[in-house]
Protein chains: 2
Amino acid sequence: MPYDPSAFPPFAVTVDLVVLTVRRHALCALAVRRGEEPYKGMWALPGGFVRANEDLATAAARELAEETGLRAHDQGSRSPGAHLEQLATYGDPDRDPRMRVVSVAHLALAPDLPSPTAGGDARSARWAPVDALLGVGDAEVREGEYKSPLAFDHGDILAAGVERARSKIEYSSLATAFCPPEFTVGELRRVYEAVWGVVLDPRNFHRKVTGTPGFLLPSGGTTTRQGGRPAQLFRAGGATLLNPPMLRPEV
Amino acid sequence: MPYDPSAFPPFAVTVDLVVLTVRRHALCALAVRRGEEPYKGMWALPGGFVRANEDLATAAARELAEETGLRAHDQGSRSPGAHLEQLATYGDPDRDPRMRVVSVAHLALAPDLPSPTAGGDARSARWAPVDALLGVGDAEVREGEYKSPLAFDHGDILAAGVERARSKIEYSSLATAFCPPEFTVGELRRVYEAVWGVVLDPRNFHRKVTGTPGFLLPSGGTTTRQGGRPAQLFRAGGATLLNPPMLRPEV
DNA sequence: GCAATAGTGTCTATTAGACAATATTTC
DNA sequence: GAAATATTGTCTAATAGACACTATTGC
């Protein structure tokens with residue numbers, strides 16, 4: 001296998017982003033409207049070319065900042081920002097009709113943002129429930145075919161990102177990435193309920209999360225923003241891997 | 001963000017393979033010796049360029065066949081072959097000194113093969129214990145620096161593949177990918193012990209794996225190839241996700 | 001018999017889940 | 001007081017892990 005630097009097929013490399021948040025009890029993803037062919041007018045995931053001297057993670061963080069204004073923090077940082085990790089790479093030769101494009105998809109988890117499209121191209125970006133973007137439930141089974149309204153293979157990418165998020169909040173403290181810096185146990189429970197699409201017992205959930213070492217740190221304050229008895233405020237603890245894990249209920 | 005197909009930086013895209021197997025009670029990886037600069041004479045992971053009209057998974061399967069003669073089966077196939085899945089993508093601008101190369105790493109799990117290098121470039125490929133390739137244990141901590149003998153960033157890639165395998169055999173039936181088509185509970189246990197680097201109780205292990213629905217299917221025969229009382233032979237069952245999972249012992 | 005591995009049974013400490021009861025706020 | 005949410009406590013069925021014991025081979 002001789003390695004001839006002048007005889008390799010040229011590729012374009014992009015990063016695409018699955019940016020998830022929880023809004024109004026629903027798991028939502030950031031979608032941008034395409035202004036050009038192909039797939040003109042359809043929704044797509046945000047993304048763009050990797051620059052000539054740019055790492056993949058840097059490119060993903062740059063795109064995230066351009067689209068949302070969020071700064072990515074890699075692991076364990078406490079700054080107000082988003083969790084960002086690599087998801088998977090998509091390189092089917094026909095995935096883009098114009099040329100050979102390999103896309104390194106990334107997954108970002110963000111707290112609910114004040115404005116859906118703070119920076120950048122405002123009127124062409126929005127948060128949409130992932131069920132709608134994946135074509136779940138809005139159409140009956142028409143000859144077994146579910147149609148995603150997303151361009152390219154972005155429906156596949158979004159599905160992979162959602163599944164990664166659903167499984168990863170089981171055994172890591174990643175669910176706190178959907179919460180503001182200070183949050184209550186009830187708010188964290190509503191994150192789990194939205195991401196998994198289930199209803200959890202508030203009493204067992206409370207015992208579980210407060211009993212898992214390193215998951216939550218009491219910040220001292222209380223809040224009553226949910227109504228009812230004031231709840232303690234917590235910050236994310238240092239633990240990244242939860243032991244014992246939060247178990248997703250059986251189907 | 002205008003999308004100009006003529007103004008994208010060109011990349012080379014390769015696939016690199018972490019091929020794992022269990023030999024003589026040790027987790028081993030396939031390594032090839034580099035015949036050219038840079039890193040001439042060092043060990044590296046097998047890999048190569050993705051062709052112009054080739055999918056990433058196809059390229060990985062082709063490289064795997066070229067290096068080992070193994071055919072990859074994606075999910076759930078029963079043919080004698082290897083498990084193959086995408087691992088992660090590495091694209092640091094400086095990872096290859098010659099040019100900008102993005103490598104899509106894949107993880108392959110294979111049963112112990114009769115000959116280390118059946119096909120291809122025989123004398124320059126071998127199975128090596130992953131601990132040796134990662135520089136674990138063979139040198140004392142010299143100023144906190146562990147040196148992997150692998151070229152490029154292949155030490156990082158191998159470490160990621162090993163960790164993926166270690167965690168994935170917990171909650172999936174992937175450990176059977178290290179076994180021949182028919183195997184005993186004791187052989188499967190030795191796979192877990194080699195991959196995790198622990199000693200497991202044979203009695204509890206037996207109860208656990210035979211009690212997990214869909215994990216193992218009795219094939220009817222017995223064998224005595226391990227000495228002692230003859231053991232039942234099993235095949236991998238249809239289940240891919242184990243419930244309950246096999247729990248790795250605490251550290 | 002002895003050594004080795006396979007396989008079954010039993011006991012205990014821990015845990016997940018169901019759900020009762022109490023606490024503290026707003027209306 | 002009624003309604004809502006937070007928080008603690010209790011009970012039970014299931015389970016992981018420790019380990020005794022039996023089974024079946026080769027020597």
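Numbered from 1 within each chain, the chains take letters A, B, ... in sequence-line order. Just so it is clear, the model here is predicted, and its values are computed rather than measured.
Across the interface with DNA chain D, nearest-nucleotide mapping of G227(B) and R248(B) shows R248(B) to be the residue nearer the 5′ end.
Using a 4.0 Å heavy-atom criterion, one finds that P202(B) contacts no nucleic acid atom at all.
Residues L20(A) and W127(A) approach most closely at C-CZ3, 4.4 Å, considering heavy atoms.
The nucleotide whose nearest atom lies closest to any side-chain atom of V185(B) is, among dG7(C), dT24(D), dT7(D), dG7(C). Listed candidates were dA6(D), dT25(D), dA23(D). Nearest to the side chain of P230(B) is dT25(D). Considering only the side chain of A231(A), dA6(D) comes nearest among dA6(D), dT25(D), dA6(C).
For L247(B) and dA14(D), the CG to P distance is 19 Å, given to the nearest whole Å. Following rounding to the nearest Å, R207(B) (CZ) and dA6(C) (C1') show an atom-to-atom distance of 15 Å. To the nearest angstrom, P of dA3(C) lies 20 Å from CD of Q226(B). Following rounding to the nearest Å, N243(B) (CG) and dA14(D) (P) show an atom-to-atom distance of 15 Å. Rounded to whole angstrom, the span from the NE2 atom of H206(A) across to the P atom of dG9(D) amounts to 11 Å. Between N204(A) atom CG and dT14(C) atom C1' the separation is 15 Å, expressed in whole Å. For R190(B) and dA4(C), the CZ to C1' distance is 11 Å, given to the nearest whole Å. With rounding to whole Å, L233(A) atom CG is found 15 Å from dT7(D) atom C1'.
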Pair V191(B)-F183(B), side chain to side chain contact (heavy atoms under 4.5 Å, CB included): steps then yes or no: CA-CA 11 Å; V191(B) 164; F183(B) 53 89; over 6 Å; no
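A donor-acceptor contact under 3.5 angstrom links the side-chain atoms of R203(B) to the base of dA20(D).
Panel note: side chain S219(A), backbone L233(A); a donor-acceptor pair is recorded below 3.5 Å.
Geometrically, R126(A) engages W43(A) in a cation-pi contact, judged by NZ or CZ lying under 6.0 Å from the ring centre and within 45° of the ring axis.
In summary, the side chains of Q232(B) and T222(B) do not present any donor paired with an acceptor at a separation below 3.5 Å, with no hydrogens or angles considered.
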